[in-house]
Amino acid sequence: MKVYGETLPSRLFLGTAQYPSPTILQAAIKASGTGLVTVSLRREAAHGSGAGFWDLLRETGVRILPNTAGCHTAREAVTTAQMAREVFGTDWIKLEVIGHADTLQPDVFGLVEAARSLSAEGFKVFPYTTEDLVVGERLLDAGCEVLMPWGAPIGSGRGLVNPDGLRAMRAHFPEVPLVVDAGIGRPSDAAAAMELGMDAVLLNTAVAKAGDPVLMARAMAEAIVAGRAGFEADPMERRDMAVPSTPVLGLAEFL
C-alpha cells in the first residue's frame, strides 16, 4: 500500500509490546513480512532498557512508527510525539488520545486537535479513531492522509464489532488509506477486514499473546493477503434463497 507518498511492502502493521522475549519478537516480525512496526515512547524508555530495545528493532530493518499510547489529552499527545520524533528520527506518528479508561475509546475531540497541531509541525499523522464519518472528515481537514478506525477495543480480540460502519467508511472515503487498528483476535478477523476493502490491518496482542506468536504472525500475514485478494476479486453477492449451480435445462425427465 502507499501512504504519505511511500510504498510499504506489506498490508500488515505489527505492534511490538507484550512479546515473551526479544528473540520471539524478532522472529514474529520476520514471519509476518511486515514493513512497519509500532513502538511506544514509554516502552522505549521503560526500566532503562530503551537502548537495547531500539537496537533490536533496528536489526529487523523495518520502518518504525512511534505512537502516543497512554496519552489522554491533546497536549500530552503532542508533547509525546515531539519527543518521539527526536528519539526515533521520524516524522511519522501513530496518534492516540484515549478518552475512556475501560474501552480505551479515542477522545475524538482531542484527537482532531492534536492531529491539527502535529500536521502543522510537519508530522505525518496516523490517527487511531472510530468509524465515525464526521470525525474522519475532521481528521482529513486537519492534515491526516490516512485513517485508522478501530475494529474493537484494544486488546479485546473481538474482531470487527461494527462491520457496517467500516463498510460505510470505505464507501465514504474511497481514496483514503484505511487501516483497521485494534480488536483483531484471529486470522479470520484480519481477512474479514480486508474483504471489506480496508487497505491494511494493525495488530499487536493477537500475535504477542498467542501460544505461538511466530506461527500466528505468519497466519495473520497469509489471512491479510487472502482477504485482500478476495476483495479485489469482486465476490458474489449474498442471496436469501438458494440458486442451483447446475442448470435445470437439459436434465433428464422421468415419466
Side-chain angles (χ1 to χ4, degrees), residues 3-4 13-19 36-51 53-54 57 63-132 134-157 161 177-184 200-206 208-209:
V3 61
Y4 286 113
F13 304 165
L14 198 62
T16 56
Q18 305 183 67
Y19 286 82
L36 186 70
V37 296
T38 64
V39 60
S40 168
L41 183 65
R42 285 172 168 78
R43 172 63 181 84
E44 167 69 9
H47 310 300
S49 62
F53 185 68
W54 182 216
L57 292 179
R63 180 159 193 152
I64 305 298
L65 177 64
N67 66 46
T68 63
C71 293
H72 291 265
T73 67
R75 181 177 180 180
E76 185 182 8
V78 169
T79 300
T80 301
Q82 292 167 339
M83 291 190 294
R85 179 160 60 180
E86 294 298 319
V87 171
F88 297 104
T90 178
D91 56 8
W92 283 26
I93 190 75
K94 179 192 170 189
L95 180 61
E96 296 183 28
V97 182
I98 300 302
H100 193 275
D102 292 332
T103 65
L104 301 182
Q105 179 172 334
D107 173 355
V108 295
F109 304 101
L111 183 68
V112 172
E113 178 185 345
R116 183 175 292 109
S117 296
L118 291 172
S119 295
E121 293 184 25
F123 281 90
K124 308 297 188 297
V125 180
F126 293 69
Y128 165 61
T129 183
T130 66
E131 65 276 26
D132 188 290
V134 177
V135 175
E137 293 280 9
R138 297 293 184 271
L139 288 168
L140 295 177
D141 291 343
C144 299
E145 295 183 13
V146 58
L147 299 173
M148 302 181 70
W150 65 345
I154 294 171
S156 68
V161 172
L178 300 180
V179 181
V180 169
D181 178 13
I184 298 297
V201 169
L202 193 160
L203 53 88
N204 187 164
T205 310
K209 290 298 187 179

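As the structure is a computational prediction, the values presented were derived from the model and not from experiment. Residue indices begin at 1 and follow the sequence shown.
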Smallest separation among heavy atoms of [X] and [Y], with atom names:
X   : Y   : result
E76 : G70 : OE2-O, 4.0 Å
V97 : A74 : CG1-N, 4.2 Å
A69 : E96 : CA-OE1, 3.6 Å

Which of T68, L104, T103, T73 passes side-chain contact (heavy atoms from CB on, under 4.5 Å) with I98? Answer is L104
Does some side-chain heavy atom of [Y] sit less than 4.5 Å from a side-chain heavy atom of [X]?
X    : Y    : result
P127 : L147 : yes
S40  : N67  : yes
V37  : I64  : yes
F126 : V3   : yes
V180 : F13  : no
R138 : V108 : no
Q18  : T205 : yes
Y4   : C144 : yes

Is there a donor-acceptor pair under 3.5 Å between the side chain of N204 and the backbone N or O of A17?
->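 Between the backbone of A17 and the side chain of N204 there is a qualifying donor-acceptor contact (under 3.5 Å).
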Let me have the donor-acceptor pairs involving side chains of residues 109-122, under 3.5 Å, with sequence neighbours excluded, atom names and distances please.
from: S117; atom 1: OG; to: E113; atom 2: O; distance (Å): 3.3
from: S119; atom 1: OG; to: A115; atom 2: O; distance (Å): 2.9
from: S119; atom 1: OG; to: A142; atom 2: O; distance (Å): 3.2
from: E121; atom 1: OE1; to: Q82; atom 2: NE2; distance (Å): 3.1
from: E121; atom 1: OE2; to: Q82; atom 2: NE2; distance (Å): 3.0

Measure the spacing between [atom1] of [X] and [atom2] of [Y] and express it to the nearest 0.5 Å.
X    : Y    : atom1 : atom2 : value
Y128 : L95  : OH    : CG    : 12.0 Å
L202 : L36  : CG    : CG    : 7.5 Å
L178 : M148 : CG    : CE    : 10.5 Å

Walk me through it: do Q105 and T130 pass the test side chain to side chain contact (heavy atoms under 4.5 Å, CB included)?
-> CA-CA 8 Å; Q105 179 172 334; T130 66; 4.2 Å; yes
